[in-house]
A.B. asks: 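Got a structure here, written out as structure tokens. Questions coming.
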Amino acid sequence: MSGAGVAEFLAYWQDEGERYARHGDYAWMASLIPGRRILEIGCGPGFSTQALAARGLTVLTLDALPDCLAAVRERIVASAGDTASVTLLSADLTALTEAQRGQIEAFAPDTVVCWLMGASTADTGGDVTAYREKIHRRVAELAASLPSVRALHLVDRTVIPWQAKDIGRDTLVNYHLGKTLRDLPFKAEQRHALYRKLEGTAADLARIRKTYPALKGAAPVLASLLAERKH
């Protein structure tokens, strides 16, 4: 990603992150995960890391963009005064070195989280869905390869007909079982598939309903799935 692309990416997620933080979305996500030692894949400008640290969790945050890690450090220091509970690792999930892999293993995370993955069309050839599927799969493979990991938590934005959210929970579980978790030692159950409405303006809702005319009552949501390692 170019310097201009990184700046644009951070500016976008700064605005989005502030909105989600005000609405309590990051705190909600952080409240859903078990364990005390969290490996966070991708941090953006740090709102997610801040929510994890606010719960008193110990966090190892991995991101390929130094600008994102710098933003996390600044945010945690500003809110908590120090970064003692947060360790930052500059690394590319798709090309971990032996040393980086060793640091992750030594950290011994209980839970791996990957929330609100961001991707620019310049980096994905315009196919953000394929990029998300690829990264989710890599995250799940990494989690499966770490013996200390008991759970994997994935959250992303989507649009659903809110009245059919219970049916949507089955869809979410089956999607991740068929793609993200396929042949890996994790199980996913409907009780751990949750949706949360995102705060939106009237203009946001009008745009969504125009984009998805077949979805009655279409609403922007966070789709959360907690997968647990099979015993």
A.B. asks: Where do Thr111 and Pro34 come nearest, in terms of heavy atoms and distance?
C.D. replies: OG1-O, 2.7 Å
A.B. asks: Please check if any side-chain donor atom of His153 sits under 3.5 Å from a side-chain acceptor atom of Trp115, or the reverse.
C.D. replies: yes
A.B. asks: Does a donor on one side chain sit under 3.5 Å from an acceptor on the other, for Glu40 and Ser48?
C.D. replies: yes
A.B. asks: Indicate whether the side chain of Arg101 and that of Ser145 have a donor and an acceptor atom separated by less than 3.5 Å.
C.D. replies: yes
A.B. asks: Taking the side chain as C-beta and beyond, is there a heavy-atom pair between Leu89 and Thr61 under 4.5 Å?
C.D. replies: no
A.B. asks: Out of the candidates Leu60, Leu142, Leu39, only one should pair with Pro109 under the side-chain contact (heavy atoms from CB on, under 4.5 Å) rule; please name it.
C.D. replies: Leu39
A.B. asks: So, are Arg132 and Asp156 salt-bridged, with charged N and O less than 4.0 Å apart?
C.D. replies: yes
A.B. asks: Would you verify whether the NZ or CZ of Arg75 falls within 45 degrees of the ring axis of Phe47 while also being under 6.0 Å from that six-membered ring's centre?
C.D. replies: yes
A.B. asks: Surrounding CD of Glu74 (heavy atoms of other residues, nucleotides or ligands, distance under 6.0 Å), is the total greater than 12?
C.D. replies: no
A.B. asks: If the threshold is 4.0 Å, N to carboxylate O, is there a salt bridge linking Glu16 and Arg157?
C.D. replies: yes
A.B. asks: Asp25 versus Leu198: any side-chain heavy-atom pair under 4.5 Å?
C.D. replies: yes
A.B. asks: Does Tyr131 form a side chain to side chain contact (heavy atoms under 4.5 Å, CB included) with Met117? I'd like the steps, not just the answer.
C.D. replies: CA-CA 10 Å; Tyr131 174 82; Met117 188 191 320; 3.7 Å; yes
A.B. asks: Any chain of hydrophobic side-chain contacts (each under 4.5 Å) joining Ile167 to Tyr195?
C.D. replies: no
A.B. asks: Are the side chains of Arg196 and Met29 in touch, meaning some heavy atoms are under 4.5 Å apart?
C.D. replies: no
A.B. asks: Salt bridge or not between Glu141 and Arg137? Use side-chain N to carboxylate O under 4.0 Å.
C.D. replies: yes
A.B. asks: What's the spacing between Leu88 CG and Thr49 OG1 if we round to 0.5 Å?
C.D. replies: 7.5 Å
